[in-house]
Asks: 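Below are the structure tokens for one structure; questions will follow.
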Amino acid sequence: MYRSIMVPVDLAHLPQIAGAIDVAGDLARHYGATLIFVSITAETPTSIAHTPSEFQEKLSAFAEEQAARMGISAAAKSYASTDPSIDIDEKLVHAIHDTGADLVVMASHKPGLVDYFWAAHGAHLAAHTDTSVFLVR
Amino acid sequence: MSDSNGTEPIPEPEGAANVIETDYEVGQDNITPKIGPFGLDIHNPVFVVSGLVVVAFVIVTLAFQNQIGPMFGDLRTFLTSSFDWFFLIAGNIFVLVCLALLVSPLGKVRIGGADATPDYSYVGWFAMLFAAGMGIGLMFFGVLEPAYYFATPWGDQPLGRDLGIVDGELADAATVEAARLTAMAGTIYHWGLHPWAIYAVVALALALFTYNKGLPLTVRSIFYPIFGERIWGWPGHVIDILAVFATLFGLATSLGLGAQQAAAGIGFVFGIDGLSDSMTVAVVLIAIITSMALISVLRGLDGGVKRLSELNMILAIVLLLFMILVGPTMTLVSQFFGNVGAYFSEMVALSNPVGRDDDGFRQGWTAFYWAWWISWSPFVGMFIARVSRGRTVREFITCVLLIPTIVSAIWMTTFGGIAIDQMIDRVTESAVYGYVIEDYVPELSLFGMLSELPLASITSVIGIVLVIVFFVTSSDSGSLVIDTITAGGKIDAPVSQRVFWVVFEGLVAAALLLGGGLAALQAASVSTGLPFAIVLLLACYALIRGLISEPR
């Protein structure tokens, strides 16, 4: 049913998204789909990488590692932003179109007061694309 | 995939660049407390110490106004009059370094690696760096400064030359023309190559050490070649805290003083008496400017700050073109070349640090300006650095040094030239003479000049809107810079932090406006110009060493 499953990841917060990655892996095996790990990074140096291209290398390595671990096929695509805190939703929407993903699996936090000010990223994707969105809590 | 704001997938490795190997990881000293529902990601101790220092300064200033005001005022005067030679020499060095980089092979180095592509078009880039760096000053000083130098009765004209108007009497034609040229040369000197060279050095150094060397986007990174790993400890903390202090107080005090000026302008344009003394109007203006800045930072760099800067530039161009067209167009064009000629021919005399007897001008104006630009340089430099990835050093110097200098010269020629012409025509009858020389009401000088041109009611409103929008574009970019420094160089920290800094800046401005002490703390922030001047000279050295190690 699904051919390519996009999994937004934050390499700086892997423990929080481990559950979502496993769920995505199970789905990928079930449907024979490819996982596409997507990340939005800053153009400035971050705790993960000095440059956007180094970041892409690390994300690709991460994708390969996950593919081998779960026995599925996986790809990685990162997008650089001059203001990632604000642009992340817009960039994720762009990534869905760019990668042609037909399902998004992502980790989400429990809703709280802050969600009244800033909608959660998953909610934004569901509201602004026609792709299925699976939030893992 | 067609837009240029970074939504393309990341290209293949960006080409050769010489990354500095350090064990420091961006954000390693950060703490992530939760305050209520808001998660933070802040540098410890820079965020906490900067915040506390700012609050402490505000409280002490409010409590001991009568002592603090004169103290900081005297400190600033002491620094600019005792170290004027140092400021002038430093300014000259910055210009020489930039010009040398422009023509040397180092000009080929590209920010972000040999194959990096620019994030912003020339227009968007230029609009942002101009709006952050200088905009509001051009509105305030465009009429004031040339008119002042032309007829100052206080003896502080450039190079101590003869004045165009003495005791309300116009001098002979030759003296008037000479005084006009000297006034314009002195003004362009303060708004031309020197200030932009200060910004360019800081911005280029930050951009290089961030995008090519892989160090965090924060002021301390420039000093890695000098201090090495120690930069991640207290020497670096002090530099960053000082940068936050200078930026926040620079912004908040100019916001407070600017709101009063805008209130006076509104009162003048709409003929409402007493508005200039109205605290309520000024506080409302601070609230409006802060709210607009808040919307801007929440919409982000591309969606907010850049768009607002572009709007700002369009409005400024409209006003400028209007003035050129309704003013004496051809005269202004020929004056432009005359003024630029005078600027270059007087440059050596104006920038000479020793053996001069124009203390009032050299210390009161030039050294003050240099200290002011230098105290703003961490803010403007960091903002320019952030948006300059993908440019070569040569493009960078051209667009951050040469083009802004030309724009400043056109602006000053137009606003100052028309103002001086009005003074020559109507002498003591002119509004400009009234507001600049007779009764010194500097905030009305622009509106006085506009009032004697056609369509004054429209242009004055554009003038007020421009003043307000220029404050917004300084406030939003400044808050982003403070947020980045206090987050240890992270630009992807939680959004609530930038909200905090925008609001905090507005509150500091309002508190100082109501309680008194705006001028005192502005003097304190300008006083940071001296330590930063030393820091920037070191930065020149670090910059050149860093560039030499880059592949060209």
Side-chain angles (χ1 to χ4, degrees), chain A residues 6 10-13 16 36-60 75-100 109-121, chain B residues 1 3 5-15 17 19-20 25-28 30 36-39 112-113 115-116 119-120 210-217 221 297-306 385-387 389-390 480 483-484 488-499:
Chain A
M6 177 173 128
D10 180 349
L11 291 182
H13 294 100
Q16 286 96 315
I36 304 171
F37 290 100
V38 163
S39 227
I40 314 299
T41 185
E43 291 196 334
T44 54
T46 65
S47 54
I48 306 295
H50 294 102
T51 60
S53 42
E54 186 186 336
F55 186 89
Q56 174 66 38
E57 285 166 24
K58 291 199 171 174
L59 188 65
S60 297
K77 205 152 196 182
S78 60
Y79 298 83
S81 163
T82 50
D83 193 357
S85 312
I86 299 292
D87 294 344
I88 183 161
D89 288 337
E90 190 191 312
K91 300 264 187 226
L92 286 177
V93 169
H94 173 79
I96 290 176
H97 297 307
D98 190 40
T99 60
H109 58 92
K110 291 201 181 104
L113 183 61
V114 176
D115 293 283
Y116 287 98
F117 299 102
W118 293 290
H121 306 311
Chain B
M1 295 282 287
D3 54 0
N5 61 357
T7 48
E8 297 88 6
I10 289 161
E12 290 303 297
E14 308 261 313
V19 169
I20 289 180
E25 199 174 83
V26 177
Q28 74 170 35
N30 283 24
F38 299 104
D115 301 332
D119 294 328
Y120 295 99
T210 297
Y211 290 123
N212 296 53
K213 306 293 183 189
L215 300 183
L217 176 62
S221 293
V297 297
L298 286 175
R299 291 186 50 85
L301 194 55
D302 295 343
V305 180
K306 183 173 106 192
R386 181 162 168 186
V387 296
R389 190 176 155 278
L480 288 183
D483 180 37
T484 307
K490 279 191 171 188
I491 62 170
D492 54 354
V495 178
S496 42
Q497 282 166 230
R498 60 177 78 173
V499 172

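Every heavy atom of this structure was used, including side-chain atoms; hydrogens, water molecules and symmetry mates were not. In the text below, chain A, chain B and the rest are named by the order of the sequence lines, each starting its count at 1. None of the values given here were measured: they were computed from a predicted structure.
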Asks: With rounding to the nearest 0.5 Å, note down the distance linking OG1 in T82(A) to CG in L480(B).
Replies: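 With rounding to 0.5 Å, OG1 (T82(A)) is 10.0 Å from CG (L480(B)).
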Asks: Tell me, side chain or backbone of V387(B) under 4.5 Å from chain A's heavy atoms, or both, or neither?
Replies: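 No part of V387(B) comes within 4.5 Å of chain A.
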Asks: List the residues meeting side-chain contact (heavy atoms from CB on, under 4.5 Å) with I88(A), not counting sequence neighbours, and say none if there are none.
Replies: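 Only I40(A), L92(A), H121(A) meet the side-chain contact (heavy atoms from CB on, under 4.5 Å) criterion with I88(A).
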Asks: Quick one: CG on D87(A) to CG on D492(B), what's the gap to the nearest 0.5 Å?
Replies: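 So the gap between those two atoms works out to 11.5 Å.
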Asks: Just wondering, do K306(B) and D83(A) contact through their side chains at under 4.5 Å, heavy atoms?
Replies: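 Side-chain contact under 4.5 Å: no.
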Asks: Examine whether an atom of R299(B) lies under 4.5 Å from a heavy atom of chain A, and if so say whether it belongs to the side chain, the backbone or both; otherwise answer neither.
Replies: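 Answer is backbone: N, CA, C or O of R299(B) sit under 4.5 Å from chain A.
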Asks: Can you tell me how far OG1 of T46(A) sits from CG of L217(B), rounded to the nearest 0.5 angstrom?
Replies: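 Interatomic distance, L217(B) CG to T46(A) OG1, rounded to 0.5 Å: 12.5 Å.
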Asks: Find the distance between OG (S81(A)) and CG (D302(B)) and round it off to the nearest 0.5 Å.
Replies: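 So the OG of S81(A) and the CG of D302(B) are separated by 7.0 Å.
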Asks: Which answer fits A385(B), side chain, backbone, both or neither, if we ask what part of it has an atom under 4.5 Å from a heavy atom of chain A?
Replies: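 For A385(B), neither part sits under 4.5 Å from chain A.
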Asks: With sequence neighbours excluded, what pairs up with P216(B) under the side-chain contact (heavy atoms from CB on, under 4.5 Å) test?
Replies: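 Residues passing side-chain contact (heavy atoms from CB on, under 4.5 Å) with P216(B): Y24(B), V26(B), T218(B), S221(B), W232(B).
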Asks: Provide the closest heavy-atom pair for P52(A) versus R389(B) in the form atom of the first, atom of the second, distance.
Replies: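 Smallest interatomic distance, heavy atoms only, reads CG-NH2, 4.4 Å.
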Asks: Is a side-chain donor or acceptor of S85(A) paired with a backbone partner of V495(B) at a separation under 3.5 angstrom?
Replies: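 Pair absent, no side-chain N/O of S85(A) close to backbone of V495(B).
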